[in-house]
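Below is one structure; the comments refer to it alone.
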There are 2 protein chains.
Amino acid sequence: MLTTSQAAERYRPEPNGINAGETRRLPPSTVLWVLPGQGIYREGERASSLYQVQSGAVRVYRIMRNGHRHILSFYGAGEWFGLQDGDIHDDFAEAICDSQIRSVPRAGGPMPPINLLDIALSSLAIANSRQLIVARQGALERVATFVQEMSARNGGANEFELMMSRTDVADYLGLTVESVARSFTKLRTRHIVQLFGHGQRYVHILDRNRLAALST
Amino acid sequence: MLTTSQAAERYRPEPNGINAGETRRLPPSTVLWVLPGQGIYREGERASSLYQVQSGAVRVYRIMRNGHRHILSFYGAGEWFGLQDGDIHDDFAEAICDSQIRSVPRAGGPMPPINLLDIALSSLAIANSRQLIVARQGALERVATFVQEMSARNGGANEFELMMSRTDVADYLGLTVESVARSFTKLRTRHIVQLFGHGQRYVHILDRNRLAALST
DNA sequence: CGGCTTGTTGATATGTGTCAAGGCTTGTGG
DNA sequence: CCACAAGCCTTGACACATATCAACAAGCCG
């Protein structure tokens, strides 16, 4: 649970990245090249464009009043993000690795072939599912669900790289870094996954059944 | 946290209520009268209509694989619900008190004056905000946020009736009934709210500032 | 009245947060 | 090439919040 001392580690978004003015000035369907940690849009900025990940990956998060960062979603190649209800962003979007982002101004109305309603409804479905996970599952179950999610994002591969740090995972799952590390360790010692490579960011799923059984 | 024994108290949705066939047969803009606990739609049913609360209130929830019920949202007068990404409902909607529900078939496309995208985007914003609450706040903070939310739903009144049981509140906030009761008690002993009436379901907010300070 | 439902309270268990320390990898500068 | 510092990840000991289990009170309805 969140107690007092966490306000000390207030999260500060990267000051780099494009700003609102630049965004608005972009012609239709511009491609941005962004570096790890670089911002794509910021809270308070006008939400005038929609974005699609061409390559790489993005995190979208909010900062809570107590300074805590909560990651609402990760987006991978092909996925759209940046659609909001108001015309002002209430969250931040940043690359988590070298990425190409297509930016499409939302002026005038929906443009084929993208259907804004479809994007909104699928975002809604994902948000609702995540609510169940963060509200009702234990640490191990959350991490197991996360691993499956990442596998699915990699075409269902058994072996893949996590592009985000343990801190990102923790802020996504509503846990601490330590709890995430302990849950990964538990998956490893139970021979459900294997971890290797830089900072244990490569995952090899050994037992899909038991992994799926955890994400109940 | 959810552990084993909770599977024992699996939630069973009410068997009463309209079924898919009846729903589809309804002419445009039909009004349904529903009783407390009565279903409006069910998981697995075709999502062919959109619904608006005319009077009363509705809960929309999912049943998790472990049998636990999680309430995604409550809806009051004027609010729309039942919009999904697929054409099959993955959740349940039930009245929580005597209610009138307007049912509008979604055939053909969006009909003025309702804008499906607006409904979807505002649902998305709410879902994202709730994710922060259930993932990152303590029990007292969640209940404080809930009380403010219910006040807002009653036009910002300082005194109002909660239409739902403590169990509903618990399933909405991701807590147990006991934790909800203890949090209400804490709000009462701190003279932030007063509770009275049937099952302490009437709330009188005494100190809005301290209430708001909690929902930080 | 007696049984049922709903809400509250208490004692205890358990899971995760917190605090602290150490390992590993990477990068930098002598 | 090696020494050292900085990140990131992991592990351990402990604290603390909430779940669990149990009992009881209040209101409602037969």
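Proteins come first, then strands; the chains are lettered A, B, ... in the order of their sequence lines, and each starts at number 1. Model, not experiment: these values are computed from the prediction.
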* Report yes if a side-chain nitrogen or oxygen of A:Arg166 is closer than 4.0 Å to either non-bridging phosphate oxygen (OP1 or OP2) of D:dG7; otherwise report no. =>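 Answer is no, no contact under 4.0 Å.
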* Asked: A:His198 side chain N/O closer than 4.0 Å to the phosphate oxygens (OP1, OP2) of D:dC8?
  ->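 Checking A:His198 against D:dC8: no side-chain N or O falls below 4.0 Å of OP1 or OP2.
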* Straight-line distance of B:Met150 CE to B:Gln148 CD, nearest 0.5 Å ->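 Those atoms lie 11.5 Å apart.
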* Parallel, tilted or perpendicular, as decided by the 30° and 60° cut-offs, for the rings of A:Tyr51 and A:His89 ->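 Tilted.
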* To do: List the atom of B:Ala127, the atom of A:Leu124, and the distance in Å for their closest heavy-atom pair.
  =>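 Taking every non-hydrogen atom into account, CB-CD1, 4.1 Å.
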Protein-nucleotide distance ([X], atom [atom1]; [N], atom [atom2]), rounded to Å:
X	N	atom1	atom2	value
A:Leu175	C:dT18	CG	P	11 Å
A:Asn66	C:dG17	CG	C1'	14 Å
A:Phe196	C:dC24	CZ	C1'	17 Å
B:Met164	C:dG7	CE	C1'	16 Å
A:Glu161	D:dC8	CD	P	15 Å
A:Tyr202	D:dC9	OH	P	13 Å
A:Leu173	C:dG15	CG	P	18 Å

* To do: Could you walk me through whether A:Arg62 and B:Ser129 pass side chain to side chain donor-acceptor pair (under 3.5 Å), step by step?
  => CA-CA 9 Å; A:Arg62 290 198 192 170; B:Ser129 297; 3.1 Å; yes
* To do: Measure from NZ or CZ of A:Arg153 to the centre of the six-membered ring of A:Phe74 and say whether it is under 6.0 Å with the direction within 45° of the ring axis.
  =>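 Not satisfied by the 6.0 Å and 45° rule.
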* Asked: Taking B:Asp171 as the fixed residue, which of B:Arg166, B:Arg59, B:Arg69 is the one that meets the side-chain hydrogen bond (donor to acceptor under 3.5 Å, both in side chains) rule?
  ->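 With B:Asp171 as partner, B:Arg166, B:Arg59, B:Arg69 yield a single side-chain hydrogen bond (donor to acceptor under 3.5 Å, both in side chains), made by B:Arg69.
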* Which nucleotide in C:dG7, C:dT18, D:dT10 has an atom nearest any side-chain atom of A:Gln200 ->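 The nucleotide sitting nearest to the side chain is D:dT10.
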* **Proximal nucleotide (of D:dC9, C:dT9, C:dT16) relative to the B:Glu178 side chain** =>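 Selected nucleotide (nearest to the side chain): C:dT9.
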* Would you indicate what A:Gly174 reaches in the nucleic acid, counting non-hydrogen atoms under 4.0 angstrom: base, sugar-phosphate, or nothing? =>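 Sugar-phosphate, backbone atoms only, no base.
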* To do: Determine whether the side chains of A:Ser151 and A:Arg208 contain a donor N or O and an acceptor N or O closer than 3.5 Å.
  =>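 The answer is yes; a qualifying pair exists.
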* Hey, which of these two, A:Leu140 or B:Gly199, hits DNA chain C nearer its 5' end, going by closest nucleotide? ->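 By nearest-heavy-atom nucleotide position, the 5'-most residue is B:Gly199.
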* Asked: So which of residues 179-191 of chain B are in contact with DNA chain D, with a heavy-atom cut-off of under 4.0 Å?
  ->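 B:Ser179, B:Arg182, in order of number.
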